[in-house]
Amino acid sequence: FVDLPKIFTEFPPLGMVLVMMVAVGLAERSGLFGAALRSLVRAVPKPLLTLTVVFAGVNASLASDAGYVVLIPLAAAIFAASGRHPIAGLSAAFAGVAGGFSANLAITPGDGLLSGITTAAVHLVDPSYTMAITSNWYFMAALVPVYTLIGTLVCERVVEPRLNAGPAWIPAEPEDVDPDRDAKAARGLQFAGLALIPILALVVWMSWGTDAVLRTAKPLLDSGFDPTARGEAPLGVYIQTFTPLFQGMVTIMFLTFLVSGLAYGIGAATIRSDKDAVQMASRGLGDMSGFLVLVFFAAVFVWMFRESHMGAVLAFTGADALRALGLGDWPLLLLLGVIMIAMATDLVVGSASAKWAILAPILVPILMQLGIAPEATQAAYRIGDSTTNMITPFMSYFPLILVMARRYMPDYGIGSMIALMLPYTLAFWLFTGLFFSAWFLAGIPFGPGVSSVYVPGS
């Protein structure tokens, strides 16, 4: 009764996501993301069209709803204009946007949301442990070419030949081409590109040199390495790390989206005054109303787990049960199980954050007691969560994609859409699972300074 507002406002992902959505909302509403996607897809040669569509779709999670609303219908139209089956283009974009949702070359608001929920779950058993927003960055960036290549091969070798052998598609009415709009968009993209230069220069300046603001000196002994043991260096030797740089990634992304969004809006004449910019940023935050409701209940749920010690009890008893079953020595098998659990729950609960808010307080502490780092558990969940996005009617954009498909094939139904996307789901599940297994067994960090192993009580 006394601390309810504090429980809500101090929930880890709340601040990170809201800060980023102020800038992301402005960049999206100004038209930056849509223009960038159109420019990318239209500029590529025909042999690379499928590859580019899937690549743009995988990275579209950075652009909020633009991937679904802009890229998918655009891909279908461009395929049709190239004489290829438009449903194949739609499926390739849908596979990239939904199936590759977890991967991205950049940090996204989703990284902040999921890492914040994971942090709350980690604190049930280890209050000193902190999850950074970059905790899965290396792995998610490495997944981009995996999703891109697999999605391209499935589209061109499986999906498109099957579509070409089926009923003919009906040409959709061509969209009106507005040269003035395209010219404004091109000018806006030029402005946005120029605006990024001072941001990049600022980050480099703040990270360059031993006394830079975004670098810190760390004793070698603190990293578990004793230089005197081998006679390599005297005690008191320090190494320079970029920990503040990665911890400040939310602010860096905020400045990037804010400045580039403003610059695009000014160049494309979508922002004519400060009121326009404020309104666009406000609408971006307005879209987060559902997120705020989810976070409120998730914060209370996790707080109850912590204060009742139920989280700790489940962690220890769950870990003991898995050891008794002989699974304690098979961490990879447990993580593959997390992937399967995420895939199954995704079929009935579409929201990635809603599922993780329920699963994280149970899965993360249990696996931590078995020596599995929470970053690895979160990465496994993200793979499973995105794999079945394309075949569940409970995904919020599924009806919209179905309507887009019916522009070219009026009899297209839910069963047809699921059958269309099933090869992508199976291929993504197989190859991302193998990629995750190789990454984990090789001991490669999932993010900057992140180990895949957790030592209980460390």
Side-chain angles (χ1 to χ4, degrees), residues 6-17 102 107 109-140 243 246-247 249-250 294-323 328 331 334-335 337-339 341-342 352-385 436 440 445-458:
K6 181 180 178 181
I7 291 169
F8 176 44
T9 57
E10 292 186 355
F11 194 56
L14 182 62
M16 287 189 292
V17 175
S102 60
I107 301 298
D111 290 289
L113 176 56
L114 294 181
S115 63
I117 294 174
T118 307
T119 297
V122 167
H123 288 174
L124 296 174
V125 293
D126 189 350
S128 64
Y129 199 101
T130 302
M131 286 277 294
I133 192 174
T134 56
S135 57
N136 287 156
W137 190 11
Y138 293 168
F139 180 68
M140 293 306 156
T243 301
F246 295 119
Q247 290 176 339
M249 195 58 65
V250 172
L294 168 67
V295 164
F296 173 79
F297 287 103
V300 174
F301 177 71
V302 173
W303 182 88
M304 288 180 174
F305 253 64
R306 183 179 69 247
E307 296 302 315
S308 66
H309 300 290
M310 186 179 291
V313 170
L314 285 176
F316 287 106
T317 56
D320 288 341
L322 291 175
R323 290 192 188 97
L334 294 174
L335 290 171
V338 172
I339 294 177
I341 291 172
S353 54
K355 290 192 299 291
W356 193 228
I358 297 171
L359 295 175
I362 301 171
L363 295 177
V364 171
I366 290 176
L367 296 186
M368 286 176 67
Q369 296 305 309
L370 296 174
I372 298 175
E375 292 84 357
T377 305
Q378 178 180 283
Y381 167 78
R382 295 179 73 172
I383 287 179
D385 168 66
F436 177 86
F440 181 79
F446 284 88
V450 173
S451 172
S452 60
V453 178
Y454 171 78
V455 180
S458 63

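A quick note: this is a predicted structure, and the numbers were derived from the prediction, not measured.
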Working to the nearest 0.5 angstrom, can you tell me the gap between Leu114 CG and Asp385 CG? 7.5 Å
Does the Asn136 side chain pair with the main chain of Glu375, one donor and one acceptor, at a distance under 3.5 Å? yes
When rounded to the nearest 0.5 angstrom, what distance separates CZ in Phe11 from CZ in Phe296? 12.0 Å
Supply the atom-to-atom distance Ile358 CD1 to Leu363 CG, rounded to the nearest 0.5 angstrom. 11.0 Å
Check for a donor-acceptor pair, side chain of His123 on one end and backbone N or O of Tyr129 on the other, with a separation under 3.5 Å. yes
Residue pairs, two or more places apart or on separate chains, that pass salt bridge (Lys or Arg N to Asp or Glu O under 4.0 Å) and touch residues 6-15: none
Nearest atoms (heavy-atom pairs only) where Pro365 meets Ala121: CG-O, 3.6 Å
What's the shortest heavy-atom distance between Ser353 and Leu113, and which atoms? CB-CD2, 3.2 Å
Would you name the heavy atoms of Met131 and Ser135 that are closest together and state the gap between them? CE-OG, 3.4 Å
On a heavy-atom basis, the closest approach of Ala357 and Ile117 is CA-CG2, 3.9 Å
Minimum heavy-atom separation for Ile339 to Ala380, with atom names? CG1-O, 3.3 Å
Apply side chain to side chain contact (heavy atoms under 4.5 Å, CB included) to the pair Val364 and Leu124, showing each step before the final yes or no. CA-CA 9 Å; Val364 171; Leu124 296 174; over 6 Å; no
Decide side chain to side chain contact (heavy atoms under 4.5 Å, CB included) for Thr134 and Asp111; before the verdict, give the C-alpha distance in whole Å, the side-chain angles of both, and the deciding distance to 0.1 Å. CA-CA 7 Å; Thr134 56; Asp111 290 289; over 6 Å; no
Provide the closest heavy-atom pair for Pro361 versus Phe301 in the form atom of the first, atom of the second, distance. CG-CE2, 3.8 Å
Sequence neighbours excluded, which residues qualify as side chain to side chain donor-acceptor pair (under 3.5 Å) partners of Thr118? Trp356, Gln378
Could you measure the distance from the CG atom of Leu367 to the CD1 atom of Ile362? Nearest 0.5 Å is fine. 11.5 Å
Sequence neighbours excluded, which residues qualify as ring-ring contact (aromatic ring centres under 6.0 Å, His included) partners of Phe297? none
Could you give me the CA-CA distance, side-chain angles and deciding distance for Phe436 and Phe139, then say whether ring pair (Phe, Tyr, Trp, His ring centres under 6.0 Å) is met? CA-CA 9 Å; Phe436 177 86; Phe139 180 68; 5.7 Å; yes
Could you give the distance from CG (Leu359) to OH (Tyr381), rounded to the nearest 0.5 Å? 6.5 Å
Roughly how far, to the nearest 0.5 Å, is CD1 of Ile133 from CD1 of Ile107? 6.0 Å
